[in-house]
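These numbers come from a predicted model, not from an experiment.
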Amino acid sequence: MIIPVHSLSELGSAAQKVISTFADERIFLFYGHMGAGKTTFINELCLILGVHDHTSSPTFSIVNEYHSDNGTLYHFDFYRLKNESEAFDLGYEEYFYSGNYCFVEWSEKIPNLLPESYVTVEIKVTDNQNRILYIEKK
């Protein structure tokens, strides 16, 4: 699936489309350069899923937990990990296999720990600062 996004006001409808298209999926991996809008799009997904808490990047905490109308959601940012063993120390398996939504930034840091099934969301910045979302089930 490809979704062009020309403004911030279009993020909500893009998030709704992703959640409804992949309704049975719980693990979403986000790819894109620093500043591409991964966290911003995850915030929109959280709103669609009924998160009432303030959402923010878990860059320093590695994982943020949010409560929603659809249960608990986890937002990971593995940017600061030095190696995969740090994800083990964090207990990533309990999160990934909990049946709850997991939104993962910088999963490139844990390539050998990814579950068999997940959805990738790649965000590319085009000229004029528009975004194109490339979404695919793996």
Side-chain angles (χ1 to χ4, degrees):
M1 170 188 321
I2 299 172
I3 304 173
V5 177
H6 303 291
S7 70
L8 285 174
S9 65
E10 294 179 5
L11 282 179
S13 62
Q16 181 62 57
K17 189 171 189 176
V18 168
I19 293 299
S20 61
T21 301
F22 300 101
D24 294 333
E25 299 300 319
R26 292 297 177 264
I27 308 293
F28 292 81
L29 310 181
F30 294 82
Y31 298 92
H33 293 292
M34 186 81 69
K38 297 180 295 291
T39 300
T40 301
F41 190 58
I42 290 170
N43 291 342
E44 287 296 323
L45 291 167
C46 287
L47 287 173
I48 295 298
L49 291 168
V51 170
H52 302 289
D53 306 322
H54 171 72
T55 59
S56 62
S57 176
T59 301
F60 295 103
S61 62
I62 313 264
V63 62
N64 286 345
E65 179 177 323
Y66 305 119
H67 301 284
S68 78
D69 299 336
N70 292 286
T72 303
L73 288 88
Y74 301 106
H75 178 188
F76 297 87
D77 185 334
F78 290 131
Y79 182 75
R80 292 183 9 182
L81 291 188
K82 293 177 184 73
N83 54 55
E84 289 182 337
S85 67
E86 291 184 53
F88 274 109
D89 295 343
L90 175 71
Y92 87 96
E93 292 172 305
E94 290 182 40
Y95 297 104
F96 279 17
Y97 300 103
S98 66
N100 294 310
Y101 281 97
C102 292
F103 299 134
V104 184
E105 297 184 55
W106 301 102
S107 62
E108 301 92 325
K109 298 280 192 157
I110 59 161
N112 299 310
L113 305 180
L114 299 177
E116 287 185 26
S117 178
Y118 52 85
V119 174
T120 62
V121 178
E122 183 177 1
I123 302 174
K124 291 197 175 189
V125 180
T126 64
D127 52 348
N128 300 327
Q129 294 299 307
N130 295 320
R131 285 5 183 216
I132 299 177
L133 309 179
Y134 297 91
I135 302 104
E136 182 179 4
K137 183 181 181 328
K138 302 279 185 167

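No continuous path of ILVMFWY side-chain contacts below 4.5 Å connects Phe41 to Tyr134, so the two sit in separate hydrophobic clusters. Val5 and Ile132 fall into different hydrophobic clusters, where Ile, Leu, Val, Met, Phe, Trp and Tyr residues are linked whenever their side-chain heavy atoms come under 4.5 Å apart, directly or through other members. Cluster annotation: Leu90 and Leu29 are assigned to the same hydrophobic cluster (Ile/Leu/Val/Met/Phe/Trp/Tyr, side-chain heavy-atom contacts under 4.5 Å, transitive). Linking ILVMFWY residues whenever their side-chain heavy atoms come closer than 4.5 Å, directly or via other members, leaves Leu47 and Ile42 in distinct clusters. Leu114 and Tyr97 fall within the same hydrophobic cluster, where Ile, Leu, Val, Met, Phe, Trp and Tyr residues are linked whenever their side-chain heavy atoms come under 4.5 Å apart, directly or through other members.
Distance check, rounded to the nearest 0.5 Å: CD1 of Ile48 to OG of Ser13 gives 8.5 Å. Distance CZ/Arg131 to NZ/Lys38: 10.0 Å, rounded to 0.5 Å. Distance check: Leu45 CG to His75 NE2 gives 10.0 Å after rounding to the nearest 0.5 Å. Atom CG of Asp77 sits about 12.0 Å away from atom CZ of Phe30, to the nearest 0.5 Å.
Atom NE2 of His52 has more than 12 heavy atoms from other residues, nucleotides or ligands within 6.0 Å.
Between Tyr74 and Phe103, every side-chain heavy-atom pair lies at or beyond the 4.5 Å cut-off. For the pair Leu11 and Thr40, the minimum side-chain heavy-atom distance is below 4.5 Å. Considering only heavy atoms from C-beta on, Ile110 stays 4.5 Å or farther from Asn112 through its side chain. Counting heavy atoms from C-beta outward, Ser107 and Tyr31 have side chains that approach closer than 4.5 Å. Between Asp53 and Asn64, the closest side-chain pair of non-hydrogen atoms is not below 4.5 Å. Residues Leu81 and Ile62 are in side-chain contact: their nearest non-hydrogen atoms beyond the backbone lie under 4.5 Å apart. Leu73 is not listed as a side-chain neighbour of Asn100, based on a closest heavy-atom distance of 4.5 Å or more. Looking at heavy atoms from C-beta onward, Arg80 lies out of side-chain contact with Glu86 at the 4.5 angstrom threshold.
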Test side chain to side chain donor-acceptor pair (under 3.5 Å) applied to Thr39 and Glu105, step by step: CA-CA 8 Å; Thr39 300; Glu105 297 184 55; 2.8 Å; yes
Run Met34 and Tyr79 through side chain to side chain contact (heavy atoms under 4.5 Å, CB included) and show every step you take. CA-CA 10 Å; Met34 186 81 69; Tyr79 182 75; 3.6 Å; yes
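Across all their heavy atoms, Glu84 and Lys109 have their closest contact at CG-O, 3.5 Å. Considering all non-hydrogen atoms of both residues, Asn70 and Gly50 come closest at ND2-N, 4.5 Å. Across Ile27 and Ser117, no two heavy atoms sit closer than the pair CB-O, 4.2 Å. Nearest heavy atoms, Ala23 versus Tyr101: O-OH, 4.2 Å. Contact record, Ile2 with Pro4: O-CD, 3.9 Å, taken as the closest heavy-atom pair.
For Glu10, the salt bridge (Lys or Arg N to Asp or Glu O under 4.0 Å) test picks out no residue, with sequence neighbours left out.
Just one of Trp106, Phe28, Tyr66, Tyr95 meets the ring pair (Phe, Tyr, Trp, His ring centres under 6.0 Å) condition when paired with Phe76; it is Tyr95.
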Can you list, pair by pair, the side-chain donor-acceptor contacts under 3.5 Å of residues 118-126, counting residues two or more places apart and other chains?
unit_1: Thr120; atom_1: OG1; unit_2: Glu136; atom_2: O; d: 3.3
unit_1: Thr126; atom_1: OG1; unit_2: Asn130; atom_2: O; d: 3.2

